[in-house]
Amino acid sequence: MSVRLLANENWPRPALLALRAAGLDVQAVAERMPRATDTDVLRHAAAEGRWVLTFDRDYGELVFARTVPPPPAIVYLRQAAYAPDWPARIVLDLLPLADWIEGHLVVVSGRALRRRRLPAA
């Protein structure tokens, strides 16, 4: 499975560059659509078939409570302090689980993973 990614504005640049250096197709909200609303980000990701990478928990509320059409997956990292490349290492570790992640909101906190099936688009 070829995974395409969309890094939210809160995604650290060193992690973005590390994912690109690993050969992944990663768009950055900060570069492509600065100041976009969360709804616009979700719509863009859904239209382009990209997973959303974020530290923002609002995406879950938007797809579950407000029924904004979901992207193929949302990877939400819950981490207070981290090294600048930590998010990239997490995503690279998750890629072998792409089939397990696809269609879900995946919450990464510490060493735990939780997933919740995204509603049908």
Side-chain angles (χ1 to χ4, degrees):
M1 164 180 275
S2 177
V3 176
R4 299 172 69 208
L5 306 169
L6 178 62
N8 195 20
E9 280 187 315
N10 58 10
W11 196 259
R13 185 148 180 81
L16 172 68
L17 297 176
L19 292 174
R20 287 178 175 164
L24 297 175
D25 178 352
V26 188
Q27 288 183 358
V29 171
E31 296 170 355
R32 185 165 183 93
M33 46 194 304
R35 296 176 299 283
T37 67
D38 290 346
T39 300
D40 291 338
V41 170
L42 285 171
R43 287 187 178 133
H44 176 77
E48 294 220 350
R50 293 182 180 275
W51 293 8
V52 173
L53 306 177
T54 188
F55 286 87
D56 185 350
R57 66 180 175 185
D58 294 341
Y59 288 100
E61 179 184 338
L62 287 169
V63 297
F64 292 110
R66 298 194 185 165
T67 64
V68 174
I74 301 169
V75 177
Y76 164 46
L77 283 75
R78 293 180 62 190
Q79 185 75 13
Y82 54 86
D85 66 336
W86 176 82
R89 289 188 314 228
I90 293 298
V91 171
L92 292 170
D93 287 348
L94 290 175
L95 288 179
L97 304 173
D99 290 333
W100 184 81
I101 292 169
E102 192 79 14
H104 293 85
L105 164 68
V106 175
V107 179
V108 179
S109 57
R111 294 191 177 266
L113 289 178
R114 275 189 352 229
R115 72 181 183 152
R116 180 175 177 189
R117 179 161 295 286
L118 291 168

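These values consider heavy atoms only, across backbone and side chains, with no hydrogens, waters or symmetry-generated copies. Positions are given from 1, in the same order as the sequence printed here.
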Exercise for the section: Not counting sequence neighbours, list each pair that qualifies as a ring pair (Phe, Tyr, Trp, His ring centres under 6.0 Å) and has a residue in residues 87-109. Expected result: none
Problem - Atom pair CG/CD of Leu118 and Glu102 - distance to nearest 0.5 Å - result: 9.0 Å
Problem - In one Ile/Leu/Val/Met/Phe/Trp/Tyr side-chain cluster, 4.5 Å: Leu19, Leu77 - result: yes
Using distance only, find each side-chain donor-acceptor pair of residues 64-76 under 3.5 Å and give its atom names and separation, not counting sequence neighbours.
| residue | atom | partner | partner atom | Å |
| --- | --- | --- | --- | --- |
| Arg66 | NE | Glu61 | OE2 | 3.4 |
| Arg66 | NH2 | Glu61 | OE2 | 3.0 |

Problem - All side chain to side chain contact (heavy atoms under 4.5 Å, CB included) counterparts of Pro14, not counting sequence neighbours - result: Pro12, Pro84
Problem - Non-neighbouring partners of Ala22 that pass side chain to side chain contact (heavy atoms under 4.5 Å, CB included), sequence neighbours left out - result: Leu92
Problem - Inter-residue atom distance Ile101.CD1 - Leu94.CG, 0.5 Å rounding - result: 4.0 Å
Practice task
Could you name each residue pair satisfying side chain to side chain donor-acceptor pair (under 3.5 Å) that touches residues 11-25, not counting sequence neighbours?
Solution key: Arg4-Asp25, Arg13-Glu31, Arg20-Glu31, Asp25-Arg50
Handout entry: Distance, nearest 0.5 Å, that separates CG of Leu62 from CG of Leu105
Key = 11.5 Å
Practice task
Please tell me if the side chains of Asp38 and Tyr59 come closer than 4.5 Å, counting only heavy atoms from C-beta onward.
Solution key: yes
Practice task
Verify the cluster assignment for Val63 and Val29: are they in a single hydrophobic cluster under the rule of side-chain heavy atoms below 4.5 Å apart?
Solution key: yes
Practice task
Rounded to the nearest 0.5 Å, what's the gap from CD on Glu48 to CG on Leu6? Could you check?
Solution key: 8.0 Å
Problem - Min side-chain heavy-atom separation Leu97-Leu113 under 4.5 Å - result: yes
Problem - Pro34 backbone acceptor or donor facing Glu9 side chain under 3.5 Å - result: no
Exercise for the section: Kindly work out whether a path of hydrophobic side-chain contacts (I/L/V/M/F/W/Y, heavy atoms less than 4.5 Å apart) joins Leu16 to Met33. Expected result: no
Exercise for the section: Enter the distance from Asp40:CG to His44:NE2 here, rounded to the nearest 0.5 Å. Expected result: 10.5 Å
Completion exercise
Sorted by chain and number, sequence neighbours left out, side-chain hydrogen bond (donor to acceptor under 3.5 Å, both in side chains) with Asp56 holds for none
Exercise for the section: Find the distance between CG (Leu5) and CG (Leu53) and round it off to the nearest 0.5 Å. Expected result: 5.0 Å
Problem - Non-hydrogen side-chain atoms of Asn10 and Thr54 separated by less than 4.5 Å - result: yes
Handout entry: Ala7 versus Val26, closest heavy-atom pair with distance
Key = CB-CG1, 4.2 Å
Exercise for the section: Please collect all side chain to side chain donor-acceptor pair (under 3.5 Å) contacts where either partner lies in residues 77-98, sequence neighbours excluded, each pair once. Expected result: Asp85-Arg89
